[in-house]
Amino acid sequence: MSTTTLTPDAVPERAPDNAASDTPSKARVPKAPNDREGFRQAMSWLHTWAGLILGWLLFAIFLTGTLSFFKNEFNLWMRPEMHGLQPVDASEPQVAQTAQKALDALVRKLPNVTQWIMHLPDDRDPAVNILWRDTGNGRFETMRMNPQTGEAIDTRQTMGGDFFYRFHFELRTAQKGRWTLEGRWVVGVATMLMFVALITGVITHRRIFKDFFTFRPTKGGQRAWLDAHNVTGVLVLPFYLMITFSGLMIFHSLYMPSGIATAYKGEKGVDSNAYFADLQGDKAENRARRGAADKVEPLPAITLPPILNEARTRWDGGRIGSVQARRDAKGRAVVEVTRHEGDRLQYRPPRLLFDATTGQWLDQADATGPAVKTYGVLVGLHVARFADTGLRWALFGFGLLGCLMIATGMVLWSVKRSAKSLTQASRKGATNAADAATPKAPFGERLVAAINIATLAGLPLACGVYIASNRLIPLGTEGRADVELAWFFSAWGLALLWALGCAVVRPSRVGWSVPLGVAGLVWALLPVVNALTTHTHLGITLPAGEWVWASMDLAFLTTGLLLGWLSWRLRPGRVTNGKAAAAKAPRTPPAAASPATPDVSVSTSGA
């Protein structure tokens, strides 16, 4: 696709040299305005600005969402105290005994618990995770237990991979969560703008299939960045459309509540309880609605093995993902057994309800309507809980391509603006050759270049610092999880200050190479820091064949090498392929030389 098609402010190509020799009779007649081309140019303008306005936020959302495909693995690596736990197959009968041991330990420690949710161990998380509360509707507390003994595991305070997951859709800044609703609204607006950018990008592409096979990195400058943006945008376009649309649908009740208000009118206003009951396959009359200060009776003693064994029988040996005990709207203690999320694509697995006292089966809850099943499939595709290891790596790769698509689009905008500024400066004339070659870009362009550096190079640095802080912060530090987040945002803030100094105050290519180099060093040193602070290093995990632990260290090292290579490629003084080719090309005689064109290979964009 031509440069002038994608961006309305692109520099037009120079006319051929023989154009001036044409006779007036053969002169080209200007084409009449074309409605189709006018519409495409309008879509190009919308594509450019929809991507630019919140492009930096979209990059952060996409990168943290991509890392969230391995949320459980991050959670495990960032809690080395869980190393050595023997995995328990969720499909084996012994999982019932594991659940009973964990429940007995919970009751001994917290006899007045009013509700608990127990996530059973599986191939990705070897511990029993219990969320509990002793109030009517207060916050849940978390406890991790050894599946063999049922006793609590004293792990370090950390959000682990849950931080990437929570930041992805609500811009989480603290462990307990502040401004979560506001964050979800901001993410929703950014996601909508990305959806608009994807649709307008498809409309703008006249040669979308040809661009799929076109990548010319040796061209340098705008051409290389445009090809990279086109290839990464077209290669897995269905994935981008699916992940963006499904992301909007997950919080449809927040973004589009008017439909619910119309269809679920009650005597006291909108009956949202009935809506969410239908969405989850429940019965509205069984859903309890309580306040945080409401008095709720503690749960009675519960015997889990008979309940879980009957659930496995009803599901023909299917895996059990979680077990929940609570009191329903009538005050009756019930046990809800949920099938493992990996057993089907549709999100919200089927659940079986049992009487907590007698163990008798009461009912089954499952969304079966066409609309709710479609919604469940969309959510399932987005969160990918059904995916095995190979498919998760494929989705991870798709997510990285999405990050590259956004990054190349942001840099492309900056490169084109720099080229336009240089061209305009050369046309106006300059006092000397040096001023013509490197005029100072407008402040707005330099500011965009600075934010590009802070986001595209600073965010990987911040993620590496966050992971390193998990090993470096003392275990007894008060509010340790929030201190880890403070390291993350501090590193990101320092990257922004560096970028502003390099791109706004004194434009220089070193603005890209330094943060990328530091980020590469941090990521590459993570396995070393891990070896110096814990017993879960490669020297132990590789010989033992503990690939979940070892693969994390190896992935960190690979990331560090990749970021280091990018830093080296963007080092100051490096001669690009385009400039090297231009230096080797024979000089044009002065009489036939065309007007001087400024060098656009070096600019505040770093391209």
Side-chain angles (χ1 to χ4, degrees), residues 1-3 5-7 40 43-44 46-48 50-52 54-70 168 190-191 193-248 378 381-384 387-416 452 455-456 459-460 555 558-559 562-563 565-566 569 607:
M1 189 171 83
S2 67
T3 304
T5 300
L6 267 184
T7 306
R40 184 175 283 115
M43 292 297 99
S44 176
L46 185 57
H47 175 79
T48 298
L52 177 67
L54 291 178
W56 303 290
L57 178 61
L58 281 172
F59 179 82
I61 293 170
F62 230 88
L63 180 60
T64 52
T66 299
L67 295 175
S68 296
F69 284 125
F70 290 98
H168 166 66
T191 305
L193 285 176
M194 179 170 182
F195 195 62
V196 170
L198 289 173
I199 299 299
T200 54
V202 172
I203 296 173
T204 302
H205 274 69
R206 289 181 297 182
R207 302 180 299 177
I208 187 169
F209 294 107
K210 184 176 181 180
D211 288 339
F212 181 85
F213 302 100
T214 304
F215 183 44
R216 293 160 285 186
T218 58
K219 288 285 185 179
Q222 296 184 38
R223 186 73 260 175
W225 286 109
L226 180 60
D227 284 349
H229 186 60
N230 288 338
V231 169
T232 54
V234 174
L235 192 60
V236 287
L237 179 61
F239 171 79
Y240 302 148
L241 293 171
M242 177 276 295
I243 210 72
T244 306
F245 180 72
S246 59
L248 288 171
L378 284 173
L381 287 170
H382 191 95
V383 299
D388 58 12
T389 302
L391 185 54
R392 278 199 306 277
W393 275 110
L395 294 171
F396 181 82
F398 294 166
L400 288 183
L401 284 175
C403 296
L404 289 175
M405 175 191 67
I406 298 170
T408 53
M410 302 303 299
V411 174
L412 177 61
W413 186 94
S414 190
V415 169
K416 286 185 175 181
N452 279 347
T455 304
L456 307 183
L459 183 57
T558 303
T559 303
L562 178 61
L563 291 172
W565 175 78
L566 288 175
R569 291 276 297 179

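These figures come from a predicted structure and were not determined experimentally.
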Looking only at heavy atoms, the pair that brings A407 and F59 closest together is CB-CE1, 4.2 Å

Check whether more than 12 heavy atoms from other residues, nucleotides or ligands sit under 6.0 Å from atom CZ of F396, and answer yes or no.
yes

Only residue of L400, L401, I406, L237 satisfying side chain to side chain contact (heavy atoms under 4.5 Å, CB included) with T232 is L401

Taking every heavy atom of A50 against every heavy atom of V196, the minimum-distance pair comes out as CB-CG1, 4.2 Å

d(L63 CG, L404 CG) to nearest 0.5 Å is 10.0 Å

Rounded to the nearest 0.5 Å, the OG1 atom of T191 sits from the CZ atom of F245 at a distance of 12.5 Å

Rounded to the nearest 0.5 angstrom, the CG-CD1 distance for L381 and I243 is 8.0 Å

Scanning both residues in full, the closest heavy-atom pair of T64 with A60 reads OG1-O, 2.7 Å

Taken to the nearest 0.5 Å, the spacing of L198 CG from L193 CG works out to 11.0 Å

Check your understanding: Would you find a donor on one side and an acceptor on the other, under 3.5 Å apart, between the side chain of H47 and the backbone of T200?
Key -> no

Would you mind reporting whether F70 and W393 have side-chain heavy atoms less than 4.5 Å apart? yes

Using side-chain heavy atoms (C-beta onward) and a distance below 4.5 Å, is F239 in contact with L395? yes

Next on the checklist: Tell me if a side-chain donor or acceptor on Y240 pairs with a main-chain N or O of G402 at a distance below 3.5 Å.
Outcome noted: yes

Looking only at heavy atoms, the pair that brings A190 and L58 closest together is O-CD2, 3.3 Å

V411 and L456 have their tightest heavy-atom pair at CG2-CD1, 3.8 Å

Can you tell me if H229 uses its side chain to pair, donor with acceptor, with the backbone of M405 under 3.5 Å? yes

All heavy atoms of H382 vs all of F69, minimum pair found to be O-CE2, 4.2 Å

Rounding to 0.5 Å, atoms CG (L241) and OG (S246) come to a distance of 10.5 Å

Would you tell me whether N452 and W413 have side-chain atoms, one donor and one acceptor, within less than 3.5 Å of each other?
no

